[in-house]
S.K.: 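One structure is given below, represented as structure tokens, and several questions about it will come after.
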Amino acid sequence: MRSSINRRNFLRGLGASVALPALPSLAAAELAKPPVRLAWLSFPNGTNYERWMPEGEGYDWKPSETLAALGDARRDVLVLSGLAQRNAEPQGNGPGDHARSGATFLTGVHPRKALGARLSAAMSVDQAAADAIGQSTRLPSLELGTEPSRSAGSCDSGYPCAYSSNISWRSPTQPMPKEINPRLAFERLFGTFDGKGQWQDRRIAMRQSVLDIVADDAARLRPRLGAADRLKLDEYFQSVRDTERRVERMNTPVPAFVAEEPAPTAEPASISEHIRLMLDLMVLAFRSDTTRVATFMMANEGSNRSYKEIGVGGGHHQLSHHRNQESSVQSVAKIDRFLVEQFAYFVGRLRDTAEGEGTLLDNCLALYGCAISDGNRHDHRELPILLAGRGGGAATPGRHVRYSGDTPLNNLYLSMLDAAGAPLERFGDSTGRVDRLSV
């Protein structure tokens, strides 16, 4: 081990590596300020916008029926209204708003429609951030979801499936496929392979923790730590192991007679468990400084998933075209609240994670939203956007800020990039930065 260890060092052993959290007693020189992490979380099919929009502005806003699901996270969130992603509009291309919403949400450009034609998105804002600050971490960026990315076929009125199943794009023709398997996501964060997966299979067969593999390195490290840092390291490792155990539980061997049949793709038993496990992995990735840029699709755009665990048996996409039928409106409202609750869970996990003299949330900007406003009308203006965290002082949450109509969502992205030390002059149809993020 080197004599001087900074916050991006790793414990290593037998092909595994675990990034360390910030440990003041090891640092050659304390960072003056923790890094800012950026996250974009998308949900599909728009909202019941009348049930989303809160009353009032500033600190005196009153949560709507949907945003009441934020609970305690309300004080850590900015509600931003009046933003638009106008390049998701038809522009003469007819139907396909869900594909355009997915493709445009983080790229800010209008995608080409013709199936079989060359894809025509653009580098997304998360990848712009990864180019600027990703070299400081083990992974430049992390892309997660709960439904698979698709590279072939038509998913929405002639638009290629790549548009509706990816929000992160490395280039106009190269989407960044997301990982939807929690175990594989965990291994990507904390393990390395021999190219054939042999080490991964060996460790799982032995029921061996990634922390067991780096135990010798950790044992040599511990005497060099002060008492406070030893406690902090123990708490951090426990957090890693707790998440690892949850991942392992989803891969419990099945009885022999079941194993004789083709095994289905492993995934959590419920969508809430799947979402929250992926969110926990994002928190771990940020806490360990394995990456500072992440995206998460709660479902693909246009997803017709049902949410039976909250009493909604119909498909989400189909219900979103409710034509003001009350039963469908109520079902969509339940889904909207459920998804906001998952975002509130993520905000709470960031808030409950100490970092320096504050919390991890103090050094994050996490955006929750999509590029469709009302799912019944397929509007791409007055978007439902929440921004959590303080971004190292760049944002003052707990307020509702209303911008003038059709303010580009991409203006907000430029402000987020500024906060992370990754400034751009322009992005998509941006016209400048947004104001009033902080007071």
Side-chain angles (χ1 to χ4, degrees), residues 7 18-22 34-43 67 69-78 126 137 139 141-146 178-180 182-183 185-186 188-190 231-247 249-250 268 270-298 337-369 386-392 395 397-398 416 420:
R7 64 175 288 111
V18 176
L20 294 174
V36 171
R37 291 78 158 190
L38 301 177
W40 286 266
L41 295 82
S42 72
F43 63 91
L67 296 186
L70 285 170
D72 291 342
R74 173 185 169 183
R75 67 180 185 270
D76 299 308
V77 168
L78 278 165
D126 62 301
T137 56
L139 297 180
S141 62
L142 180 67
E143 298 77 37
L144 300 175
T146 64
K178 57 190 180 295
E179 181 56 68
I180 67 171
R183 178 175 63 83
F186 184 89
R188 182 184 175 198
L189 287 169
F190 299 111
L231 178 60
K232 186 174 183 178
L233 188 65
D234 289 342
E235 291 175 344
Y236 169 67
F237 279 174
Q238 185 61 48
S239 178
V240 172
R241 185 59 182 135
D242 287 346
T243 303
E244 191 177 42
R245 286 194 181 103
R246 292 173 63 191
V247 172
R249 282 199 297 270
M250 292 185 301
S270 70
I271 182 56
S272 59
E273 173 67 9
H274 197 171
I275 290 174
R276 292 192 177 199
L277 185 49
M278 301 309 262
L279 295 176
D280 287 343
L281 289 171
M282 290 174 64
V283 173
L284 273 179
F286 285 163
R287 183 180 183 186
S288 64
D289 208 24
T290 301
T291 191
R292 297 175 186 172
V293 180
T295 57
F296 177 58
M297 296 184 74
M298 291 196 172
R337 290 193 297 269
F338 170 78
L339 295 178
V340 169
E341 285 174 358
Q342 310 317 306
F343 179 64
Y345 170 83
F346 179 59
V347 174
R349 286 297 317 279
L350 293 172
R351 183 184 61 233
D352 294 342
T353 301
E355 181 174 63
E357 297 180 353
T359 71
L360 189 54
L361 184 62
D362 293 332
N363 302 307
C364 285
L365 287 176
L367 183 143
Y368 173 83
L386 303 177
L387 185 67
R390 291 163 179 77
M416 293 175 68

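In this chain, numbering begins with 1 at the start of the sequence shown.
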S.K.: Would a 4.5 Å heavy-atom cut-off, applied to side chains only, mark Ser42 and Met298 as touching?
M.R.: no
S.K.: Here's a test for you: under side-chain contact (heavy atoms from CB on, under 4.5 Å), which of Leu78, Asp76, Thr359, Val36 qualifies with Arg390?
M.R.: Asp76
S.K.: I'd like to know whether Val77 forms a side-chain contact (heavy atoms from CB on, under 4.5 Å) with Leu387, so could you lay out the CA-CA distance, the side-chain angles of the two residues, the decisive distance to 0.1 Å, and finally the verdict.
M.R.: CA-CA 6 Å; Val77 168; Leu387 185 67; over 6 Å; no
S.K.: Closest heavy-atom contact between Leu281 and Pro182?
M.R.: CD1-O, 3.7 Å
S.K.: What is the minimum heavy-atom distance between Gly358 and Asp362, and which atoms define it?
M.R.: CA-OD2, 3.4 Å
S.K.: Is the shortest heavy-atom distance from the side chain of Leu41 to the side chain of Leu279 under 4.5 Å?
M.R.: yes
S.K.: Looking at every heavy atom in both Ala366 and Phe343, which two are closest together, and how far apart are they?
M.R.: O-CZ, 3.7 Å
S.K.: For the residue pair Gly145 and Met278, what are the closest heavy atoms and their distance?
M.R.: O-CE, 3.6 Å
S.K.: Using the rule given for side-chain contact (heavy atoms from CB on, under 4.5 Å), can you reason through Thr290 versus Thr137, listing the C-alpha separation, both sets of side-chain angles and the distance that settles it, and then say yes or no?
M.R.: CA-CA 5 Å; Thr290 301; Thr137 56; over 6 Å; no
S.K.: Got Ile271 and Phe338 here, is their nearest side-chain heavy-atom distance under 4.5 Å?
M.R.: yes
S.K.: Is the shortest side-chain heavy-atom distance between Val293 and Trp40 below 4.5 Å?
M.R.: yes
S.K.: Between Glu355 and Arg37, does at least one N-O distance fall below 4.0 Å, as a salt bridge requires?
M.R.: yes
S.K.: Where the side chain of Asp352 meets the backbone of Arg349, is there a donor-acceptor pair that is under 3.5 Å apart?
M.R.: no
S.K.: Please check if the side chain of Thr295 supplies one atom and the backbone of Glu143 the other of a donor-acceptor pair under 3.5 Å.
M.R.: no
S.K.: In the structure I gave you, are the side-chain heavy atoms of Thr146 and Met297 within less than 4.5 Å of one another anywhere?
M.R.: no
S.K.: I want to check something: taking the side chain as every heavy atom from C-beta on, are Phe296 and Ile275 in contact at a cut-off of under 4.5 Å?
M.R.: yes
S.K.: Within a strict 4.5 Å, meaning less than it, do heavy atoms of the Tyr368 and Leu339 side chains meet?
M.R.: yes
S.K.: Could you go step by step and tell me if Met282 and Leu144 meet the side-chain contact (heavy atoms from CB on, under 4.5 Å) rule?
M.R.: CA-CA 9 Å; Met282 290 174 64; Leu144 300 175; 3.5 Å; yes
S.K.: Should Leu350 and Asn363 be marked as a side-chain contact (heavy atoms from CB on, under 4.5 Å) after you check the CA-CA gap, both sets of side-chain angles, and the distance that decides it?
M.R.: CA-CA 9 Å; Leu350 293 172; Asn363 302 307; over 6 Å; no
S.K.: At their closest point, which heavy atom of Ala395 faces which heavy atom of Pro397, and how far apart are they?
M.R.: O-CD, 3.6 Å
S.K.: I'd like to check Pro35 versus Asp289 (side-chain heavy atoms, cut-off strictly below 4.5 Å). Are they in contact?
M.R.: yes
S.K.: Could you tell me which non-hydrogen atom of Val347 sits nearest to which non-hydrogen atom of Ala388, and how far apart they are?
M.R.: CG2-CB, 3.6 Å
S.K.: Distance-only, no hydrogens or angles: does the Arg351 side chain make a donor-acceptor pair with backbone N or O of Leu361 under 3.5 Å?
M.R.: no
